[in-house]
Visitor: 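Supplied in structure tokens, the structure appears directly below.
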Amino acid sequence: MEVFLHKIGGRAVTEPVAMQLHRCTRVDAPAVYALQNEVRAAMPHPEQFVPDTLANIAAYLRTDLCIGAWQGSRLGGYLIVRFCGQSEHNYAAFMDIPRAEWCHWANADSAIVHADFRGNGLQRLMLEAALPLFPENITHIGATVSPQNQYSLNNALASGFAIVTRREMYGGYDRYLLAKEL
């Protein structure tokens, strides 16, 4: 899917810049991992984002769904969606959703956009590109966001997520749990 950016580096461009959104594969795992680490390192509060390992990212790309936003060979953003089913990692488990319904939930696990490409709605666009690739049984998406990460929180709310609860997760991190019905 081709999208057009109207801002680069926070500044309006005179000619829209094309970017391709497509499903990432295991081959893309190093690029996803590198972008995660680059963006996290530049965050004023990197503790607001819990990073993943390269091995986990490779596994997600093999068994779950990742939409990447590419400008040529440069990865500018990605969205990882996990289909956790009955696993205790399913965000539905933390929102008191009955276990029998967990198979209908997906986790919007992480969304990263490089600073050069922010302000173009890429998180929302990547989610829109991912939705047609969801298994038919998925009816809801869960997500977590640090209450201090207003940028990600505002993106999630603008994409139709609603705050369900606030709790400690990931070994002591304060998080909002959000949900979106499809």
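No hydrogens, no waters, no symmetry mates; every other heavy atom, side chains included, goes into these values.
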Visitor: Does some side-chain heavy atom of Gln36 sit less than 4.5 Å from a side-chain heavy atom of Ile57?
Guide: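 Answer yes - side chains close enough.
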Visitor: Looking only at heavy atoms, what is the nearest atom pair of Val81 and Ala106, with distance?
Guide: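 Heavy-atom minimum between the residues: CG1-CB, 3.8 Å.
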Visitor: Dump the intermediate steps for side-chain contact (heavy atoms from CB on, under 4.5 Å) on Tyr91 and Arg175, then the final yes or no.
Guide: CA-CA 12 Å; Tyr91 294 151; Arg175 290 289 184 267; over 6 Å; no
Visitor: So which heavy atom on Ala143 is nearest to which on Phe161, and how close?
Guide: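 Nearest pair, atom of Ala143 first, then Phe161: CB-CE2, 3.9 Å.
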Visitor: If you measure only the distance, is there a donor-acceptor pair under 3.5 Å linking the side chains of Gln148 and His45?
Guide: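 Gln148 vs His45: no donor-acceptor pair found between side chains.
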Visitor: Go through the steps for Asp109 and Leu79 under the test side-chain contact (heavy atoms from CB on, under 4.5 Å), then give the verdict.
Guide: CA-CA 8 Å; Asp109 193 65; Leu79 167 71; over 6 Å; no
Visitor: Is a donor on one side and an acceptor on the other found under 3.5 Å between the side chain of Arg40 and the backbone of Pro46?
Guide: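 Yes, the answer is positive, given that a donor and an acceptor are paired below the 3.5 Å cut-off.
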Visitor: Is Glu15 atom CD crowded by more than 12 heavy atoms from other residues, nucleotides or ligands, each under 6.0 Å away?
Guide: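 Atom CD in Glu15 is not packed in, count stays at 12 or less.
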Visitor: Taking all atoms of both residues into account, what is the closest heavy-atom pair of Val27 and Pro30, and its distance?
Guide: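 Minimum heavy-atom contact is O-CD, 3.4 Å.
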Visitor: Determine whether a donor-acceptor pair (N or O, by modelled atom type, separation under 3.5 Å) exists between the side chain of Asn154 and the backbone of Gln150.
Guide: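 Such a contact is found between Asn154 side chain and Gln150 backbone.
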Visitor: Under the 3.5 angstrom rule, does the side chain of Asn90 hit a backbone N or O of Asn107 as a donor-acceptor pair?
Guide: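 Not confirmed, Asn90 side chain does not pair with Asn107 backbone.
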Visitor: For Phe83, give me all partners under ring pair (Phe, Tyr, Trp, His ring centres under 6.0 Å), at least two apart in sequence or on another chain.
Guide: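 Per chain and number, Phe83 pairs via ring pair (Phe, Tyr, Trp, His ring centres under 6.0 Å) with Phe134.
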Visitor: For Trp70, what residues pass the ring pair (Phe, Tyr, Trp, His ring centres under 6.0 Å) criterion, not counting sequence neighbours?
Guide: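 Only His22 meet the ring pair (Phe, Tyr, Trp, His ring centres under 6.0 Å) criterion with Trp70.
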Visitor: Between Lys180 (side chain) and Ser159 (backbone), is there a donor-acceptor pair under 3.5 Å?
Guide: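 A pair under 3.5 Å: yes.
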Visitor: Evaluate the criterion side chain to side chain donor-acceptor pair (under 3.5 Å) for residue pair Ser146 and Tyr176; output intermediate values, then yes/no.
Guide: CA-CA 6 Å; Ser146 168; Tyr176 283 133; over 6 Å; no
Visitor: Hey, does the side chain of Gln86 reach the backbone of Arg99 with a donor-acceptor pair shorter than 3.5 angstrom?
Guide: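 Yes: the side chain of Gln86 pairs with the backbone of Arg99.
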Visitor: Indicate the atoms forming the closest heavy-atom contact of Ala93 with Trp102, along with that distance.
Guide: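 Heavy atoms only, the tightest pair is CB-CZ2, 3.2 Å.
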Visitor: With distance as the sole test, does Glu2 use its side chain to make a donor-acceptor pair with the main-chain N or O of Met19 at under 3.5 Å?
Guide: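 Pair absent, no side-chain N/O of Glu2 close to backbone of Met19.
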Visitor: Decide, yes or no, whether a salt bridge links Asp174 with Arg167 under the criterion of side-chain N to carboxylate O below 4.0 Å.
Guide: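 Salt bridge: no.
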Visitor: Please assess Val13 against Lys7 for the test side-chain contact (heavy atoms from CB on, under 4.5 Å), listing each intermediate value before the final yes or no.
Guide: CA-CA 6 Å; Val13 292; Lys7 292 181 183 177; over 6 Å; no
Visitor: For His140, give me all partners under ring pair (Phe, Tyr, Trp, His ring centres under 6.0 Å), at least two apart in sequence or on another chain.
Guide: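 Listed in chain order: Trp105.
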Visitor: Between Asp28 and Tyr78, is there a side-chain donor-acceptor contact under 3.5 Å, judged purely by atom types and distance?
Guide: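 Their side chains do not contain a donor-acceptor pair, so the 3.5 Å distance test is not met.
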Visitor: Mark yes or no for whether His6, through its side chain, and Pro16, through its backbone, hold a donor-acceptor pair below 3.5 Å.
Guide: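 Looks like no, no N/O pair under 3.5 Å.
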Visitor: Where is the tightest heavy-atom contact between Cys66 and Leu61, given as atom of each residue plus distance?
Guide: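 Minimum heavy-atom contact is CB-CD2, 3.0 Å.
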Visitor: Spell out, yes or no, whether Val17 and Leu21 are grouped together once hydrophobic residues are joined by side-chain heavy atoms under 4.5 Å, including indirect joins.
Guide: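 Yes, same cluster.
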Visitor: Between Asn120 and Leu5 (side chain of the first, backbone of the second, donor and acceptor by atom type, cut-off under 3.5 Å), is there such a pair?
Guide: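 Here the side-chain-to-backbone pair does not exist.
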Visitor: Mind checking the CD1-CG spacing from Ile138 to Leu133? Nearest 0.5 Å is all I need.
Guide: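 If we round to the nearest 0.5 Å, Ile138:CD1 and Leu133:CG are 12.5 Å apart.
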Visitor: Kindly give the heavy-atom pair with the smallest separation between Gly76 and Leu35, and that separation in Å.
Guide: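 Minimum heavy-atom contact is C-CD2, 3.8 Å.
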Visitor: Take Thr144 and Met169 through the test side-chain contact (heavy atoms from CB on, under 4.5 Å) and record every step on the way to the result.
Guide: CA-CA 9 Å; Thr144 69; Met169 295 184 72; 3.7 Å; yes
